[in-house]
Number of protein chains: 2
Amino acid sequence: MSRTSFQGEIPEEQIDVCPVTATQNVIAGKWKIIILWHLRETRRFGELQRLVPGVSKGILTAQLRELEKDQMVHRKVYQEVPPKVEYSLTDAGRTFMPILESMGEWGKKYDLVKKSRDEIE
Amino acid sequence: MSRTSFQGEIPEEQIDVCPVTATQNVIAGKWKIIILWHLRETRRFGELQRLVPGVSKGILTAQLRELEKDQMVHRKVYQEVPPKVEYSLTDAGRTFMPILESMGEWGKKYDLVKKSRDEIE
DNA sequence: CGGGATCCCCGCGGATACTG
DNA sequence: CAGTATCCGCGGGGATCCCG
């Protein structure tokens, strides 16, 4: 009777066995991809907020904290007044850059395709 | 009638000028990446549901519909009983495959790094 | 300047039942 | 087999206020 598993039930050991899903989990979050993108270069917090249009402080902080926890982003605090914090990519974050660049390239071409199709319709 | 000028108005499509964000919008959705991944090969609906552990029929359908709308996935219906539907990648979907493969590769290495760090702590 | 703490909302995802 | 239709809940994201 306990042999049948319900939808949504996944054996613990099989969670994240798929590398693609593991990656998905890291970049899941409305702003994470664009944040990582702008972190090609070291950025200060306020700078980052200006670069990512539409995000609020609170959410930007939250997403950065998660990226930190996932060891994608490094946070450097300068003990001075007024406060200064710099965000940069970790090693793991840097190895992800080629993917982000590919996504950028793909996004450009995808946009062109979509627009040409929209003109037809 | 008073035609409102374009001053101050931002055309919808210029909001997403950033190609990376455009890509983000396409793959946003809990299951889309792993779905696309399994669509390297043409798959039937039920097959897809077995390959993506944890997703329900309804949600799987919804995500596939969105991918269809974004011209990433093609849906082929065979008019027969019992019903048979095959999903495959469109041209746009196929051009996205290299990125998914990179994500898979990255996910493997990322997993190793995380596990080695977890052992230390 | 770079946050933390709260409150709130809505929309995504999940469960179940039904269908051609 | 491959879906719809419907209800529901939860949590991610947003707004606002406060703070060192």
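Letters A, B, ... are given to chains in the order of the sequence lines, protein chains preceding strands, and every chain is numbered from 1. Excluded from the calculations below are hydrogen atoms, water molecules and symmetry mates; all remaining heavy atoms, backbone and side chain alike, are included.
- Taking atom CD of residue Q63(A) and atom P of nucleotide dG2(C), one finds them 18 Å apart after rounding to whole Å.
- Nearest to the side-chain atoms of R75(A) among the listed nucleotides dG3(D), dG14(C), dG3(C) stands dG3(C).
- Following rounding to the nearest Å, L64(A) (CG) and dG13(D) (P) show an atom-to-atom distance of 13 Å.
- When heavy atoms are screened at a 4.0 angstrom cut-off, Q49(A) is found touching no nucleic acid atom at all.
- Look at CG on L60(B): it is 13 Å from C1' on dC1(D), rounded to the nearest Å.
- Classified by interplanar angle (parallel below 30°, tilted 30° to 60°, perpendicular above 60°), the ring pair Y87(B)/F45(B) is tilted.
- Listed nucleotides dG3(D), dG3(C), dG13(D) differ in distance to T61(A); the shortest reach to its side chain belongs to dG3(C).
- What separates CD1 of I59(A) from P of dC17(D) is a distance of 17 Å, to the nearest Å.
- Salt bridge annotation for D111(A)-K108(A): absent, with no cationic side-chain nitrogen under 4.0 angstrom from a carboxylate oxygen.
- Nucleic acid contact for K57(A): base, since at least one base atom lies under 4.0 Å from a heavy atom of the residue.
- The side chain of S56(A) sits closest to dA15(D) out of dG3(C), dG14(C), dA15(D).
- Minimum heavy-atom separation, V73(B) to T90(B): C-CG2, 3.5 Å.
- The pair E68(A)-R65(A) counts as a salt bridge, with a side-chain nitrogen and a carboxylate oxygen less than 4.0 angstrom apart.
- Y78(A) comes within 4.0 angstrom of no nucleic acid atom, judged by non-hydrogen atoms across all strands.
- Comparing dG13(C), dA15(D), dG20(D) by their nearest atom to the side chain of P83(A) picks out dG20(D).
- Between dG2(C), dG13(D), dG3(D), one nucleotide has an atom nearer to the side chain of F45(A) than all others, and that is dG2(C).
- Heavy atoms of G29(B) sit under 4.0 angstrom from primed sugar atoms or phosphate atoms, though from no base atom.
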